[in-house]
Structures are given as structure tokens and as C-alpha cells.
Amino acid sequence: MGHQLDRLIGRLYQRARIVHYRDDLIPEIDLIGPMMLPKVCVVRALVDRMRPGQRIVLRSTDLEMPWEMEHMCNRLGHELLEVGREGEMYFFTLRIRGADDRLPTQDPFTLDLSPQAVIQTVDITPEREPSRIRAHAVSLPTGRTALKAKKP
């Protein structure tokens, strides 16, 4: 089971996009698609493989995900920085905390759902603005290229 989960995590990272978030480039993982595992289990496996201080953006169309992310972060002590929504798509920004600086667990029955900011994403692909993308490309450790938006 562990080996299959590692393969699934690897495939998710292969399809990840790099997004510009508050002057930093972080991975955005798409939790859309048919999976036999509950998505929160996949998120837990992703989080367990990350270093303290790392941030990640997760997106999903599941209506249950805001509550599941809230409870998972509460239980594990990680920080749910932001919840955004664009149409039916939810975006969750998490910051991973180390064993020494985890947030205290709260009573799950007293948890409030994080407010959902209405956001608008912009998809920039080489077909749309090739000159702008080539001028601001950043190399990733995997040999792939990340897109870096031009700062105003």
C-alpha cells in the first residue's frame, strides 16, 4: 500500500503547477480526478513528505474539502493559511509546521469554517503569451520549467 501511495504522490507532483503566492513560488496540487482513496488521506500523505515551513496550494471541487482540511489541520497542528473559491473550485493554502511548533489541537465541535475568499485565477500558457513566459521562466529541480509572473 505504501509503495502505491508513493506512486500516486509522484504522479500528483508531476501534474503540479507552480504558482506565485506572496512573493514566493509554491506547488499547487490538483486533487481533482478519480481516486480510490479519500482525498484527505492523499493530502495527509503529501503533508507527511514535506519539510517544516513549506507551503502548498491544494485545489478541489469536493464540497466536503473545506471541513476536511479544517479538521486535518486542527488534528495535525499545521496551518491553514487561506481558503479561496473560484466558482466550484476550492483553493487551500497550507503551511507545514514542524514537531516543535505545531498549533494546539482545538475541540473539533467548536471549530469554525475558515472564511472563503472569492478569487480569480489566470491561466498563462505558452500558447497565449509565449514571449512573456520565455523571458521569465524559472528552472525546477525536476528539469521542468515553472512560470514566474512579471512583478509590477
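FYI, the numbering just counts along the sequence from 1. Small disclaimer: the values here were computed from a predicted structure and weren't measured.
Atom NZ of Lys39 and atom CE of Met72 lie 14.5 Å apart (nearest 0.5 Å). Distance check, rounded to the nearest 0.5 Å: CG of Asp30 to OG1 of Thr61 gives 8.5 Å. One distance of note links CE of Met65 with CE of Met89; it measures 11.5 Å at 0.5 Å rounding. Between atom CG of residue Leu113 and atom CD of residue Glu70 there is a gap of 6.0 Å, rounded to the nearest 0.5 Å. In this structure, the separation between OH on Tyr90 and CG on Leu63 is 5.0 Å, given to the nearest 0.5 Å. One finds the OG1 atom of Thr93 at 9.5 Å from the CE atom of Met69 (value rounded to the nearest 0.5 Å).
Under the 4.5 Å side-chain heavy-atom criterion for ILVMFWY residues, no single connected hydrophobic cluster contains both Trp67 and Phe91. Hydrophobic clustering, with ILVMFWY side chains joined whenever heavy atoms are under 4.5 angstrom apart, keeps Leu111 apart from Val83.
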Chi angles and distances behind the side-chain contact (heavy atoms from CB on, under 4.5 Å) call for Arg55, Asp24: CA-CA 10 Å; Arg55 291 179 289 177; Asp24 197 10; 2.8 Å; yes

Assess the residue pair Glu68 and Asp62 against the criterion (side-chain contact (heavy atoms from CB on, under 4.5 Å)); give the C-alpha distance rounded to whole Å, side-chain angles, the decisive distance to 0.1 Å, and a yes or no.
CA-CA 10 Å; Glu68 289 180 3; Asp62 287 352; over 6 Å; no

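The two residues Leu94 and Val47 make their nearest non-hydrogen contact at CD2-CG2, 4.1 Å. Taking all atoms of both residues into account, the shortest heavy-atom contact from Gly98 to Asp101 is N-OD1, 2.7 Å. Across all non-hydrogen atoms, the minimal contact from Arg51 to Gln54 is N-OE1, 2.7 Å.
Under a 3.5 Å cut-off, the side chain of Asp107 and the backbone N or O of Phe109 do form a donor-acceptor pair. Between the side chain of Arg102 and the backbone N or O of Leu76, at least one donor-acceptor pair lies under 3.5 Å. A donor-acceptor pair under 3.5 Å links the side-chain atoms of His78 to the main chain of Arg97, judged by distance alone.
Other residues, nucleotides and ligands contribute over 12 non-hydrogen atoms within 6.0 Å of the CZ atom of Arg85.
Residues Val42 and Ile29 fail the side-chain proximity criterion, which asks for heavy atoms closer than 4.5 Å.
Exactly one residue among Thr110, Leu80, Leu103, Thr105 makes a side-chain contact (heavy atoms from CB on, under 4.5 Å) with Asn74. That residue is Thr105.
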